[in-house]
K.L.:
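If you scroll down you'll find the structure; I have some questions about it.
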Amino acid sequence: MTELRFYDTLRRDKVAFAPIDPARVRMYVCGPTVYDYAHIGNARPILVFDVLFRLLRHVYGADHVTYVRNITDVDDKINARAAERGITIRQLTEETNAVFQDDVKALGALAPTVQPRATEHIAEMIAIIERLIASGHAYAAQGHVLFSVPSMADYGKLSRRSLDEMIAGARVDVASYKKDEMDFVLWKPSSAAEPGWDSPWGRGRPGWHIECSAMSWKHLGETFDIHGGGVDLVFPHHENEIAQSCCAFDRPVMANVWMHNGFLQVEGDKMSKSLGNFVTIHELLHGTSFGGRSWPGAVLRLAMLRTHYRQPIDWTAKALEEAESALRRFHQAAGSPDGAPSEQLVAALADDLNTPAALAELHALRAAGKADRLAASLALLGLWTPQLYRAEIDPAFAAKVDALIAARLDARKAKNWAESDRLRDELVALGVAIKDGKDGTSWEMKR
RNA sequence: GCGCCCGUAGCUCAACUGAUAGAGCACCAGACUACAGAUCUGGGGGUCAGAGGUUCAGAUCCUUUCGGGCGCGCCA
């Protein structure tokens with residue numbers, strides 16, 4: 001079996017991957033908070049961990065990998081946005097989630113095994129909070145429940161920061177109900193206007209981090225194999241997830257491997273609404289504001305995979321053009337995707353998802369004329385999109401094209417260039433691009 | 001300020017556990033083309049951010065400086 005090695009944020013090193021149960025490899029990735037269109041930065045973990053999911057399925061078998069990616073549908077940003085737009089929270093989260101699902105599908109991401117929603121796991125959240133209170137790791141105060149950070153000896157090990165450092169750097173006023181300024185909210189009270197659920201501490205709603213502890217527990221168990229997300233989540237989100245889960249279940253680890261993708265910039269700048277370079281997945285797929293045109297999902301996907309997932313990535317129109325050019329060439333050289341992918345490509349991915357090396361292998365396969373290997377390798381990466389560049393043409397249309405090409409060849413033999421050009425123009429009008437080569441004339445659909 | 005990640009050809013990145021630094025794109029020149037595109041062949045291009053150290057040997061390991069990113073604010 002292929003040996004997999006992944007960089008573990010907790011150990012700051014690449015480590016050999018050994019699933020707890022090879023018959024059921026379990027991974028959890030923090031999904032979107034559904035209050036607005038997902039931007040291209042949100043797409044990075046989706047794509048990175050989709051490649052990981054595909055790799056694990058390839059190595060352990062498609063039925064032996066469980067991938068959980070949550071939908072966060074309770075959050076104060078959601079409440080604010082719904083109020084702003086004058087719609088219900090449910091309407092907002094349903095609408096936003098539908099767009100998100102369309103977006104990631106267009107990017108070629110497989111559906112995760114489970115996409116749990118936070119609002120459907122309130123009972124699990126309450127159960128975890130009760131365990132934490134019972135074991136002295138949490139306390140209720142003024143309708144809130146807080147996690148007691150000093151109660152956990154090794155708090156901070158994921159982000160490698162000591163409590164002293166954090167306290168020294170703290171800039172926020174400490175709420176009066178906190179026993180320690182580092183304590184964070186597990187549950188907070190809701191006003192009548194805010195969404196809320198009955199709990200032992202009154203009507204309220206969950207804090208930010210508890211949802212992931214609840215959903216990963218429900219769907220993957222107390223300890224599982226891989227937990228992923230963006231680097232920005234290392235602290236405080238993942239640090240606090242670890243605190244909640246490890247203390248609630250009295251376990252030394254929550255997940256055996258913690259993987260984090262790097263950040264994204266747009267044309268060299270931090271992406272922000274104030275800079276006007278904020279770009280959504282939806283706009284890239286359907287609009288024309290980035291690079292003056294829309295882009296197929298597979299192009300966005302290839303552009304994202306050119307950069308190793310832990311490196312910062314600079315999102316540029318030039319990179320998209322290069323990705324499209326490469327993708328077209330791959331498909332023109334590709335054969336049938338039904339066979340086995342390149343072993344070198346699998347080895348590249350097995351080495352901490354080295355997608356740049358995997359892409360180099362795609363180029364090598366193309367250069368070597370290994371058409372079927374190339375197609376199967378594209379498929380493994382989720383880049384096999386023949387409909388884009390090898391349009392399935394109906395036979396009648398193809399016959400018409402062939403007839404026009406034959407007529408054009410006759411005209412050219414007769415040195416009747418005017419007629420030849422006219423026939424070529426007619427083909428162009430049909431959306432066909434012709435190529436005169438050594439072995440006759442071939443053609444393809446223009447994009 | 002503190003913590004973490006990262007600096008390799010014009011651009012995006014390989015080279016992991018040390019041994020003449022590689023690929024794609026871009027560029028240049030040929031081939032093929034009525035022309036062009038596409039394709040094929042070949043080519044130029046790098047004091048591996050800088051400086052020390054360990055070593056027979058360092059892009060790779062250690063120290064340090066400089067530069068960039070992220071976190072320390074419920075912004076992926």
Side-chain angles (χ1 to χ4, degrees), chain A residues 5 7 9 12-14 29-33 35-36 38-46 48 72 75-77 156 158-162 164-173 182 184-185 188 206-211 228-240 260-265 268-273 278 302-303 305-308 310-314 316 318-319 321-326 328-330 332-333 348 351-352 354-364 366-367 412 415-418 420-421 424 433-439 441-444 446:
Chain A
R5 299 177 74 222
Y7 184 88
T9 305
R12 312 283 159 179
D13 198 11
K14 270 195 230 177
V29 173
C30 292
T33 298
Y35 73 105
D36 201 352
H39 56 67
I40 191 61
N42 300 121
R44 197 172 189 192
I46 299 296
V48 164
T72 294
D75 183 280
D76 288 353
K77 287 194 296 293
L158 181 68
S159 51
R160 297 243 170 139
R161 55 181 69 206
S162 70
D164 293 345
E165 284 164 0
M166 287 185 274
I167 290 163
R171 301 181 211 165
V172 279
D173 292 335
M182 287 308 301
F184 59 90
V185 172
K188 55 190 170 185
W208 176 30
H209 318 293
I210 194 68
E211 62 188 78
V231 277
D232 54 304
L233 297 179
V234 171
F235 190 90
H237 186 54
H238 290 166
E239 194 74 75
N240 291 351
H260 293 95
N261 63 272
F263 243 54
L264 175 145
Q265 292 186 283
D269 283 317
K270 180 184 173 77
M271 178 167 66
S272 74
K273 285 176 180 166
F278 195 87
L302 179 57
L305 300 184
R306 298 197 330 159
T307 300
H308 184 84
R310 282 192 283 122
Q311 299 268 19
I313 188 172
D314 189 18
T316 64
K318 180 168 173 284
E321 282 163 12
E322 290 178 5
E324 176 156 74
S325 169
R328 176 178 293 111
R329 288 177 190 214
F330 289 153
Q332 285 167 351
D351 178 13
D352 196 31
N354 192 338
T355 52
L359 297 185
E361 171 63 6
L362 291 181
H363 286 292
R366 172 178 165 279
R412 293 182 62 192
K415 307 259 182 209
N416 186 349
W417 307 124
S420 167
D421 287 350
R424 185 178 62 182
I434 56 171
K435 297 192 295 183
D436 297 328
K438 287 188 189 113
D439 307 318
T441 298
S442 61
W443 60 279
E444 66 185 45
K446 292 193 297 184

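Every chain is numbered from 1 and lettered A, B, ... according to where its sequence line falls, protein lines coming before strand lines. Excluded from the calculations below are hydrogen atoms, water molecules and symmetry mates; all remaining heavy atoms, backbone and side chain alike, are included.
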K.L.:
Is any side-chain N or O of A/K318 under 3.5 Å from a base N or O of B/C11, one able to act as donor and the other as acceptor?
P.N.:
no
K.L.:
Taking atom P in both B/U60 and B/A15, what distance in whole Å separates the two?
P.N.:
14 Å
K.L.:
With rounding to whole Å, what would you report as the distance between B/A59 and B/A19 at their C1' atoms?
P.N.:
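Here B/A59 and B/A19 have their C1' atoms 13 Å from each other.
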K.L.:
Rounding to a whole Å, what distance do you find between A/N261:CG and B/G69:P?
P.N.:
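Interatomic distance, CG of A/N261 to P of B/G69: 18 Å.
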K.L.:
Is there a Watson-Crick or G-U wobble partner for B/A36 with both distances under 3.5 Å, and if so, which one is it?
P.N.:
none
K.L.:
Base of B/C16, side chain of A/R5 - is there a donor-acceptor contact under 3.5 Å?
P.N.:
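In this structure, the two groups form a donor-acceptor pair.
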K.L.:
Measure CZ/A/R44 against C1'/B/C5 and give the value in whole Å, please.
P.N.:
12 Å
K.L.:
Is the distance between the ring centroids of A/H363 and A/F330 under 6.0 Å?
P.N.:
yes
K.L.:
Look at the side chain of A/T307 and decide which nucleotide, out of B/G7, B/U12, B/C5, has an atom nearest to it.
P.N.:
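The closest nucleotide is B/U12.
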K.L.:
With C1' as the reference atom in both, quote the distance from B/G7 to B/G46 in angstrom, rounded to an integer.
P.N.:
15 Å
K.L.:
Taking the C1' atom in each of B/U8 and B/G50, what is the distance between them to the nearest angstrom?
P.N.:
14 Å
K.L.:
Ignoring hydrogens and angles, tell me if any N or O in the side chain of A/T355 forms a donor-acceptor pair with the backbone of A/A358 under 3.5 Å.
P.N.:
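Not a single qualifying donor-acceptor pair exists.
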K.L.:
Could you check whether A/K14 makes a cation-pi contact with A/Y7, meaning its NZ or CZ is under 6.0 Å from the centre of the six-membered ring and within 45° of the ring axis?
P.N.:
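No, A/K14 and A/Y7 do not form such a contact.
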K.L.:
Roughly how many Å is it from CZ in A/R306 to P in B/A26, rounded to a whole number?
P.N.:
11 Å
K.L.:
Looking at B/A14, B/G24, B/A76, which one has an atom nearest to any side-chain atom of A/H363?
P.N.:
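Minimum distance to the A/H363 side chain belongs to B/G24.
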K.L.:
Given 3.5 Å as the limit, does a donor-acceptor pair link the side chain of A/H39 with the main chain of A/N42, or not?
P.N.:
yes
K.L.:
Can you work out whether A/K77 or A/Q265 has the more 5'-proximal nearest nucleotide on RNA chain B?
P.N.:
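The 5'-side residue here is A/Q265.
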K.L.:
Quick one: which of B/A76, B/G7, B/C74 gets closest to the side chain of A/W208?
P.N.:
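My answer, after comparing the listed nucleotides, is B/C74.
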K.L.:
Closest approach to the side chain of A/R366, judged atom by atom: which nucleotide of B/U39, B/A76, B/C13 is it?
P.N.:
B/U39
K.L.:
Checking only heavy atoms, does the side chain of A/D76 share a donor-acceptor pair with the base of B/C74 at less than 3.5 Å?
P.N.:
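Result: no qualifying N/O pair found.
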K.L.:
If you look at every strand shown and take non-hydrogen atoms under 4.0 Å, does A/Y35 touch a base, only sugar-phosphate, or nothing?
P.N.:
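Contact class for A/Y35: sugar-phosphate only.
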K.L.:
Any strand is fair game: report the nucleotide pairing with B/A57 by Watson-Crick or G-U wobble, both distances under 3.5 Å, or none.
P.N.:
none
K.L.:
Strictly distance-based, threshold 3.5 Å: is any side-chain N or O of A/E239 a donor or acceptor partner for the main-chain N or O of A/V234?
P.N.:
no
K.L.:
Should B/C70 form a Watson-Crick or G-U wobble pair with both distances under 3.5 Å, which nucleotide is its partner?
P.N.:
B/G3
K.L.:
Does the structure show A/F235 stacking with B/G3, if we require the centres to be closer than 5.5 Å and the planes to be within less than 30 degrees of parallel?
P.N.:
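Per 5.5 Å and 30° rule: no stacking.
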K.L.:
Just name whichever nucleotide pairs with B/C28, Watson-Crick or G-U, keeping both distances under 3.5 Å, else none.
P.N.:
B/G42
K.L.:
Has A/R44 got a side-chain atom pairing as donor or acceptor with A/F263's backbone, closer than 3.5 angstrom?
P.N.:
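It does hold such a pair.
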K.L.:
Could you work out the separation of B/G22 and B/C32 based on their P atoms and round it to a whole Å?
P.N.:
32 Å
K.L.:
Using the P atoms only, state how far B/C2 lies from B/U64, rounded to an integer number of Å.
P.N.:
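Rounded to whole Å, the distance is 13 Å.
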K.L.:
Measure the distance from CG on A/L264 to C1' on B/C75 and round it to the nearest whole Å.
P.N.:
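Roughly 14 Å, once rounded to whole Å.
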K.L.:
Select one nucleotide: of B/C74, B/C72, B/A14, the one nearest the side-chain heavy atoms of A/K188.
P.N.:
B/C74
K.L.:
Do you see a donor-acceptor pair shorter than 3.5 Å between the side chains of A/H238 and A/H260?
P.N.:
yes
K.L.:
Between B/C61 atom P and A/R12 atom CZ, what is the distance in whole Å?
P.N.:
17 Å
K.L.:
When you match A/R310 and A/V231 each to their closest nucleotide on RNA chain B, which lands nearer the 5' end?
P.N.:
A/R310
K.L.:
Roughly how far apart, to the nearest Å, are B/A49 and B/A9 at atom P?
P.N.:
8 Å
K.L.:
For the side chain of A/A360, counting heavy atoms from C-beta on, which of B/C6, B/A76, B/A23 is nearest?
P.N.:
B/A23
K.L.:
Taking the side chain of A/M271 as heavy atoms from C-beta outward, which of B/G24, B/A76, B/A15 is closest to it?
P.N.:
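When the side chain of A/M271 is considered, B/A76 is the closest of B/G24, B/A76, B/A15.
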K.L.:
Between C1' on B/A26 and CZ on A/R329, what's the gap in Å once rounded to a whole number?
P.N.:
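Distance check: A/R329 CZ to B/A26 C1' gives 11 Å.
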K.L.:
Please name the nucleotide paired to B/C48 by Watson-Crick or G-U wobble geometry with both distances under 3.5 Å, or report none.
P.N.:
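Checking every strand shown, B/C48 finds no partner, since no pair has both distances under 3.5 Å.
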K.L.:
Counting N and O atoms only, with roles assigned by atom type, does the side chain of A/D351 sit under 3.5 Å from a partner on the main chain of A/N354, one being a donor and the other an acceptor?
P.N.:
no
K.L.:
From the list B/C5, B/C6, B/A76, which nucleotide is the closest neighbour of the side chain of A/Y7?
P.N.:
B/C5
K.L.:
Determine the Euclidean distance between corresponding P atoms of B/G24 and B/U41; express it in Å to zero decimal places.
P.N.:
10 Å
